[in-house]
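Here is the structure we will look at, set down as structure tokens.
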Amino acid sequence: MISDNIVIIAKKEIYAVKDINELNILKVKYLGKKGYITKQFLLIKTLKKEEKINKSIILNKQKKKIIKIIKKRQKEIEIEKNKKKLLNQKIDISLPGKYIKIGSEHPIKSTINKIEKFFMKVGFKIVIGQEIEDVYHNFDALNIPKYHPIRTEQDTFWLDKNTLLRTQTSNIQIRIMKKEKPPIRILTSGKVYRNDYDRNHTPMFHQIEGLFIDKKVTFTDLKSILVLFLNFFFGKKCKIRFRPSYFPFTEPSLEVDILNQKKQWIEVLGAGMVHPNVLKNVKINSSKYYGYAFGMGVERLAMLQYNIDDIRLFYENDIRFLKQFKFNNFI
Ligand code: DAH
């Protein structure tokens with residue numbers, strides 16, 4: 001009635017299962033209320049006392065063995081499950097990485113950085129200023145006459161009667177000279193705005209402005225710093241031409257041209273000795289102090305350096321254009 005083989009059969013079956021659900025089914029099959037072992041216990045009830053004892057000893061042993069085998073298998077299944085889980089989470093460090101495109105510094109920004117680097121080395125302090133400006137700081141204090149055409153709506157973006165988007169970084173000269181006492185040696189860079197749009201002009205562009213005020217500042221100092229700067233900027237001895245010019249805030253004034261690859265003279269900056277009227281406006285004694293100032297267009301310099309013939313390319317955000325400047329960081 002009681003098969004001695006039962007433990008062996010159960011063991012085979014138990015080891016054939018692959019997961020806990022299947023194992024539970026076997027658990028019920030052998031040990032459950034209607035399971036094999038329970039049924040055997042019910043059957044031996046009808047046997048004689050001695051036989052009953054013997055058989056129940058055997059049955060109990062079988063029951064214990066089956067329980068032990070189930071527990072062992074259960075542990076194994078759990079271990080296998082964990083192993084699989086870990087394998088799934090495994091990271092293959094030998095896989096090649098994904099290429100992530102990184103941006104690069106905008107050519108205008110790197111041009112500004114390069115210019116600032118030079119002037120910082122020769123003792124200029126970098127300052128920043130405001131883009132929304134009033135008539136006084138943008139025009140009046142710079143000795144720009146009331147009738148000057150730059151003041152009209154064709155050229156200037158007016159916000160109201162007295163407020164505008166600065167047309168030049170020269171406004172910073174006034175703001176600094178009002179605040180600080182000579183000697184003053186500053187350089188500023190930033191956006192300026194003019195109502196213009198073609199291949200050489202955008203309504204917003206960048207300028208660099210330098211100012212040096214002290215007791216013995218001469219026109220020669222101005223010329224020599226500009227030559228040193230342009231040679232540094234273009235990385236070679238440039239062909240430079242100084243031309244007499246006119247700016248209301250400097251006297252005498254000059255413009256600087258350099259010879260480009262096509263042998264054309266290209267204007268790169270304006271400069272001059274600070275006009276006594278400007279010094280007077282900021283309450284600096286013009287018989288004691290002298291100064292020079294200069295201003296240059298950043299886009300113009302960048303176009304010359306990189307051989308770009310349309311200023312609008314800088315602001316169209318065309319990735320094919322911008323990508324070319326990846327390795328041109330100067331910092
Ligand atoms: N502000 C001038 C412009 O926008 C440039 C300039 C010329 C600045 C002469 C100066 C200067 O400081 O001295 O065209």
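Whatever order the structure lists ligands and atoms in, that order sets their numbers, starting from 1. For the single chain, residues carry numbers from 1 onward in sequence order.
Counting heavy atoms of neighbouring residues, nucleotides and ligands inside a 6.0 Å radius, atom CG of L42 exceeds 12 of them.
Here the CZ atom belonging to R241 is positioned 10.0 Å from the CD atom belonging to E267, to the nearest 0.5 angstrom.
Evaluation of the ring pair (Phe, Tyr, Trp, His ring centres under 6.0 Å) rule for F139 yields no partner, not counting sequence neighbours. Taking L259 as the reference, K239, K263, W265 meet the side-chain contact (heavy atoms from CB on, under 4.5 Å) condition, with sequence neighbours excluded. Remark: D318 pairs with R320 by the salt bridge (charged side-chain N to carboxylate O under 4.0 Å, His left out) rule, at least two apart or across chains.
D221 contributes a side-chain N or O that, together with a main-chain N or O of T218, makes up a donor-acceptor pair within less than 3.5 Å.
Protein residues with any heavy atom under 4.0 Å from ligand 1: Q168, S170, Q173, R194, Q207, E209, F247, F249, T250, G270, A271, G272, A293, F294, G295.
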